[in-house]
Amino acid sequence: MTDEFDQYGFSTRGIRAGTLRTEQGEQSEPIFTTSSFVFGSAEQAAARFSGAEPGNVYSRFTNPTVNAFERRLAVLEGGERCVATSSGMAAILTACLGLLKAGDHIVSAHGVFGNTALLFGNYLGRFGVETSFVSLTDAAAWESALRPNTRLLFVETPANPLAQIADIAALAALAHRHGCLLMVDNTVCTAALQRPLSLGADVVVLSATKYIDGQGRCVGGAIVGREALVGKEVYGALRTTGACLSPFNAWVFLKGLETLAVRMQAHSASAQRLAEWLGGQSAVRRVYYAGLPDHPQHALARRQQSGFGGLLAFELDGDRAEAWRFINATRLISITANLGDTRSSITHPATTTHGRLTQEAREAAGIREGLVRVAVGLEDTADLMADLQRGFDAL
Ligand SMILES: *Cc1c(COP(=O)(O)O)cnc(C)c1O
């Protein structure tokens, strides 16, 4: 599938790749809502179950709509194989179940999605997989955290909410020098803006709930990488443990992939304009957006990404009271932590997404009380600006 689509651009792949038209001649993909598939004979049933004959068996591990989504996303990420999962967290768990064993060690960036940090720290630890957390941008810290039993480096870039950028190619080189795998959470950029596999990463995991759906409807996730990794151990783990994607959600994500490139460009353009405007406000101490020339990893982001995405944060000249007053004064932007929706959202990280951290851990991560995060949706930028102005007027 990858080869056939090599000649086409990203949007064409997002719209056309992975389609298997049935004899009905449908233009849009059908949704196969069936739990199992019928065989022509006992011999064929045996061959399908053993894998000697490819084909559908049971929708936990073979469903045509889910497979179409997997083929399309594999082409977009530039991987040989994709396995779709019931959520982004299920993608990370299933990838770990497939690739790790008791006694292995993970080195992960500090600033990963909160549940990812809990999965590594609280749950995998119970099964004998230990995790060390290091600063995303500190190359020396990654190197010195490595142990003889380190098997996986895990990073999310850009990191949420401060938009720090990790050097994927450098981390891949470090991982490979030490016989480890590099896994990258590509939820925030998506393949439309960043392709970690082409920079040397071994596995991409993502939450399709965010920009791949793009309209805040369905929960799902995916794992992409080489056939030898994702097609064998990871697929085997999914088939056995069962955190599979539903055909309906896969169909919604297929539609999402068709508009992903134009949506990501629009999210990025609007976020860039808002970030520049926020930078000129006297009540703003600092804006966190990799598209701004004064962002510490601006040059790296330019090199590694084809756009800067829709997430930005800014620190108000104030504390929790000012941040809450600002958020409460907005009328259009939704007060919710979700991202990747057409609807913009605003949140106070210190008391929501990062509220479970201790005060010290929050300070160390740079999440201060005056920090506000905006996930820029697809409304008119002028309307978003006017809404944020209500926040400034309230201070
Ligand atoms: C939301 C999110 C996840 C988890 O995805 P779910 O679909 O909610 O399980 C993982 N990583 C990142 C970066 C996310 O934003």
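We count ligands from 1, going down the list as the structure has it; atoms in each ligand are counted the same way.
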Does ligand 1 have any N/O pairs with the protein under 3.5 Å, and how far apart?
residue, atom, partner, partner atom, Å
ligand 1, 5 (O), Ser207, OG, 3.1
ligand 1, 7 (O), Gly88, N, 2.8
ligand 1, 7 (O), Ser207, OG, 2.8
ligand 1, 7 (O), Thr209, OG1, 2.7
ligand 1, 9 (O), Gly88, N, 3.0
ligand 1, 9 (O), Met89, N, 2.9
ligand 1, 11 (N), Asp185, OD2, 2.7
ligand 1, 15 (O), Lys210, NZ, 2.6

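A salt bridge links Arg72 with Glu258; the closest basic N to acidic carboxylate O contact falls under 4.0 Å. A salt bridge does not link Arg21 to Glu26: none of the charged nitrogens lies less than 4.0 Å from a carboxylate oxygen. Salt bridge status for Asp387 with Arg331: absent, with no side-chain N to carboxylate O gap under 4.0 Å. Using a 4.0 Å cut-off between charged side-chain N and carboxylate O, Glu70 and Arg81 make no salt bridge. For Arg48 and Glu53, the salt-bridge test passes: some basic side-chain N is under 4.0 Å from an acidic carboxylate O.
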Which donor-acceptor pairs under 3.5 Å do side chains of residues 370-377 form with protein atoms, sequence neighbours excluded?
residue, atom, partner, partner atom, Å
Arg373, NH1, Asn160, OD1, 3.1
Arg373, NH2, Ala337, O, 2.7

